[in-house]
Protein chains: 2
Amino acid sequence: MTPHTNAFDTHDHSHCADTGLARAEEILATRKLRLTPVRRQTLQILLQEHRALGAYDVLERLAAAGFGKQPPVAYRALEFLVEQGLAHRVRRLNAFAACMHPETDHAPVFLICRGCNALAETPAQPVRAALEAAAQTVGFTVERTNIEALGLCPNCKAAA
Amino acid sequence: MTPHTNAFDTHDHSHCADTGLARAEEILATRKLRLTPVRRQTLQILLQEHRALGAYDVLERLAAAGFGKQPPVAYRALEFLVEQGLAHRVRRLNAFAACMHPETDHAPVFLICRGCNALAETPAQPVRAALEAAAQTVGFTVERTNIEALGLCPNCKAAA
DNA sequence: CCTTGACATGTTATATCATAACGTATTTTA
DNA sequence: TAAAATACGTTATGATATAACATGTCAAGG
Ligand SMILES: [Zn+2]
Ligand SMILES: [Zn+2]
Ligand SMILES: [Zn+2]
Ligand SMILES: [Zn+2]
């Protein structure tokens, strides 16, 4: 078990970004899909911070890096990353975040700090299981989930 | 325990709508808040169906009923109902739905059928508890949640 | 190699969702 | 009944997202 660095602890963040990219390359290689320059740059942009970025924020940064300046440029790259499980969409924020553990446990739970906007992705198994159980009592089959919590991270709690 | 009618079963829906309105009146009375005509009409609109409606859908119907025709009319009424726990916002759909049990258990789980767009609201306690537990391991305090599942309801499964 | 088809990128234009700011009317309270 | 708070309506604008189409790139098969 990798000692999961979590977004709310101070940590060597270059590690997150580096391994994130490396994992993406591996994963896409095995799927014979291409991590093109825009896609790579988009993932890097998301990996730069442990928070969710709106599509237009991403777009600005893509444009600054010499890519297209129109919304579909960002939306397409983001959609691709989300489909491949390399990024997630955070509905509560209308925003996107790099996935912090693309290999393991999908169907993430997001913890969104309203103080500092940090976003942590935590393992979802138990939550997901509880949700499945609730669904089953009414005969509903769960295919995709959005499980998001808004609140305060330990740092912001301490500061308050 | 009321035998909770659920959105995926055929049921006497006028009962849902009637009790929904009645409950809203009681609740707002105890809080000394007003169920004004637009608010009442908005709640009735949401109660007409077990699915989520976009703000602009609601607005159209409000306008047809003689209320204002501009977005804030709908958004304000919806926001009020959501604040009072009489309706919920379904982030996955950018839409709103009447609450199906305003008294009990809040922090609902939504089950959204991608076949027929039906929306069921199920009790969230166990899911919520699992989420709290996950949050606690990183020191995060949960304040609000969005827990939504997309999938297939029993009827659509049978039809497929 | 070169054609061909699939995929990827870019553009313009438009659709959809949401709120700011302001004036008027209604309701409550003193 | 005056003052204050609340609610409703408008205009205008902001923010998010997708449709439709043209051009460019790549990987295979001939
Ligand atoms: Zn990091
Ligand atoms: Zn993830
Ligand atoms: Zn019903
Ligand atoms: Zn509810």
Side-chain angles (χ1 to χ4, degrees), chain A residues 24-25 28-29 31-46 51-84 86-97 117 146 148, chain B residues 24-25 28-46 51-84 86-97 112 117 146 148:
Chain A
E25 275 166 6
L28 294 181
R31 295 180 195 164
K32 309 227 184 271
L33 293 174
R34 298 164 53 205
L35 188 60
T36 60
V38 219
R39 290 170 180 175
R40 184 188 190 84
Q41 183 74 36
T42 302
L43 182 55
Q44 276 181 329
I45 289 167
L46 294 181
R51 63 186 186 91
L53 294 180
Y56 282 75
D57 286 346
V58 170
L59 179 57
E60 255 180 42
R61 301 182 197 200
L62 286 174
F67 296 94
K69 297 178 162 41
Q70 304 306 322
V73 171
Y75 279 102
R76 281 197 291 237
L78 290 166
E79 179 187 38
F80 173 84
L81 295 172
V82 169
E83 272 169 6
Q84 298 310 315
L86 301 171
H88 298 291
R89 190 166 192 156
V90 184
R91 317 276 340 186
R92 174 122 205 168
L93 304 174
N94 292 323
F96 299 83
N117 291 119
N146 295 94
E148 307 174 355
Chain B
E25 274 166 7
L28 294 180
T30 67
R31 295 181 194 164
K32 310 226 184 272
L33 293 174
R34 299 163 51 206
L35 186 61
T36 60
V38 218
R39 290 169 179 174
R40 183 188 190 82
Q41 184 74 35
T42 300
L43 182 56
Q44 277 181 328
I45 288 167
L46 293 181
R51 63 185 187 90
L53 294 180
Y56 281 73
D57 285 346
V58 171
L59 179 58
E60 253 179 44
R61 301 180 196 199
L62 285 175
F67 296 94
K69 298 179 161 40
Q70 303 307 322
V73 171
Y75 279 101
R76 281 197 290 238
L78 290 166
E79 179 187 37
F80 173 84
L81 295 173
V82 169
E83 271 168 5
Q84 298 310 315
L86 302 172
H88 298 292
R89 189 166 191 154
V90 183
R91 316 289 316 198
R92 174 122 205 168
L93 303 174
N94 293 323
F96 300 82
I112 307 162
N117 292 118
N146 294 93
E148 305 173 357

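A, B, ... follow the sequence lines: proteins, then strands. Residue 1 opens every chain.
Within the 4.5 Å cutoff, the side chain of Val38(B) has no heavy atoms near those of the Arg76(B) side chain. Contact check for Thr36(A) versus Phe80(A): no side-chain heavy atoms found under the 4.5 Å cut-off. Residues Ile45(A) and Asp57(A) fail the side-chain proximity criterion, which asks for heavy atoms closer than 4.5 Å. A 4.5 Å side-chain heavy-atom check between Thr42(B) and Phe67(B) finds every atom pair outside the cut-off.
In this structure, Tyr56(A) atom OH and dA17(D) atom C1' are separated by 6 Å, rounded to whole Å. As rounded to whole Å, 14 Å separates atom C1' of dC8(D) from atom CZ of Phe80(B). Rounded to a whole Å, the CD atom of Gln70(A) is 16 Å from the P atom of dT18(D). Between the C1' atom of dA7(D) and the CD atom of Glu79(B) lies a distance of 13 Å, rounded to the nearest Å. Put simply, CZ on Arg39(B) is 10 Å from C1' on dC8(D), counting in whole angstrom units. Whole-Å rounding puts the Leu28(B) CG to dA7(D) C1' distance at 14 Å. If you measure from atom CG of Leu62(B) to atom P of dT10(D), you get 11 Å, rounded to the nearest angstrom. Between the CG atom of Leu78(B) and the P atom of dC8(D) there is a distance of 12 Å, rounded to whole Å.
In this structure, Arg91(B) reaches neither bases nor backbone, as no heavy-atom distance under 4.0 Å exists between it and the strands shown.
Arg92(B) and Asn146(A) share a side-chain donor-acceptor pair at under 3.5 Å.
Residue Tyr75(A) has a polar side-chain atom (N or O) positioned under 4.0 Å from OP1 or OP2 of dA17(D).
Comparing Arg76(A) and Val73(B) by the nucleotide of DNA chain D that holds the closest heavy atom to each, the one mapping nearer the 5' end is Val73(B). Residue order along DNA chain D, read from the 5' end via each residue's closest nucleotide, puts Arg34(B) first among Gly68(B) and Arg34(B). Each of Lys69(A) and Pro72(B) has a nearest nucleotide on DNA chain C; the 5'-most of these lies closest to Lys69(A).
At a threshold of 4.0 Å, the pair Glu79(B)-Arg89(B) does not count as salt-bridged, since none of the basic side-chain nitrogens sits closer than that to a carboxylate oxygen.
Counting 5' to 3', DNA chain C first comes under 4.0 angstrom of a heavy atom of chain A and last does so at the ends given by dA8(C) to dT12(C).
The line from CG of Leu35(B) to CG of Leu81(B) is 7.5 Å long, rounded to the nearest 0.5 Å.
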